[in-house]
Amino acid sequence: MGARPRAIVGMILHEAIFVTSVAGLAGLIFSMGLLEFVGPNLKIDYVLNPSINFKVALSTVCLLIIAGALAGFFPAWRAATIRPIEALRDE
């Protein structure tokens, strides 16, 4: 009530970007830990000898953040364009 549409979109996008970046970094850490613990038990070359390029990992996280921002933008824009009187009338 009373917030500008730009502030609403910014708030929702901030949350979406934060959640996707934390999930992306946690996924990278979890996958590296999984390769360290499970990798020696498997006899597959790319699991035994993983070569991780830091640029590829960083670009993957950036791509994930962009996808999260796009996924959060459309609901945020829709929420920002709803008039408060219409939202209150539906409840």
Side-chain angles (χ1 to χ4, degrees):
M1 298 288 291
R4 299 203 184 268
R6 188 175 187 172
I8 294 171
V9 170
M11 187 172 38
I12 294 174
L13 278 180
H14 183 265
E15 181 180 348
I17 290 171
F18 178 75
V19 168
T20 55
S21 62
V22 168
L25 290 175
L28 281 174
I29 292 169
F30 178 73
S31 65
M32 289 305 298
L34 189 65
L35 279 176
E36 288 293 322
F37 290 121
V38 178
N41 296 333
L42 299 174
K43 301 297 183 208
I44 303 171
D45 184 45
Y46 63 87
V47 175
L48 287 174
N49 237 348
S51 61
I52 307 292
N53 188 356
F54 184 71
K55 287 175 98 174
V56 172
L58 189 63
S59 64
T60 303
V61 171
C62 289
L63 185 65
L64 181 68
I65 290 171
I66 291 169
L70 285 175
F73 176 75
F74 294 110
W77 183 255
R78 190 168 154 219
T81 57
I82 294 174
R83 292 183 20 206
I85 191 70
E86 292 174 9
L88 290 173
R89 191 175 296 153
D90 286 341
E91 291 181 13

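Each residue takes its place number in the sequence, starting with 1.
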Spatial distance of atom [atom1] ([X]) from atom [atom2] ([Y]) [nearest 0.5 Å]:
{"X": "L58", "Y": "L63", "atom1": "CG", "atom2": "CG", "value": "11.5 Å"}
{"X": "S59", "Y": "L64", "atom1": "OG", "atom2": "CG", "value": "11.5 Å"}
{"X": "W77", "Y": "I12", "atom1": "CH2", "atom2": "CD1", "value": "12.0 Å"}
{"X": "T60", "Y": "K55", "atom1": "OG1", "atom2": "NZ", "value": "13.0 Å"}

Same cluster or not: I17 versus L25, using hydrophobic residues (I, L, V, M, F, W, Y) connected whenever any side-chain heavy atoms lie under 4.5 Å apart?
yes
Consider only side-chain heavy atoms of I, L, V, M, F, W and Y, link residues closer than 4.5 Å, and tell whether V9 and F74 are in one cluster.
yes
Where is the tightest heavy-atom contact between L13 and G72, given as atom of each residue plus distance?
CD2-C, 3.9 Å
On a heavy-atom basis, the closest approach of I65 and S21 is CD1-CB, 3.6 Å
Flag if over 12 foreign heavy atoms under 6.0 Å of CZ, F18
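Atom CZ in F18 is not packed in, count stays at 12 or less.
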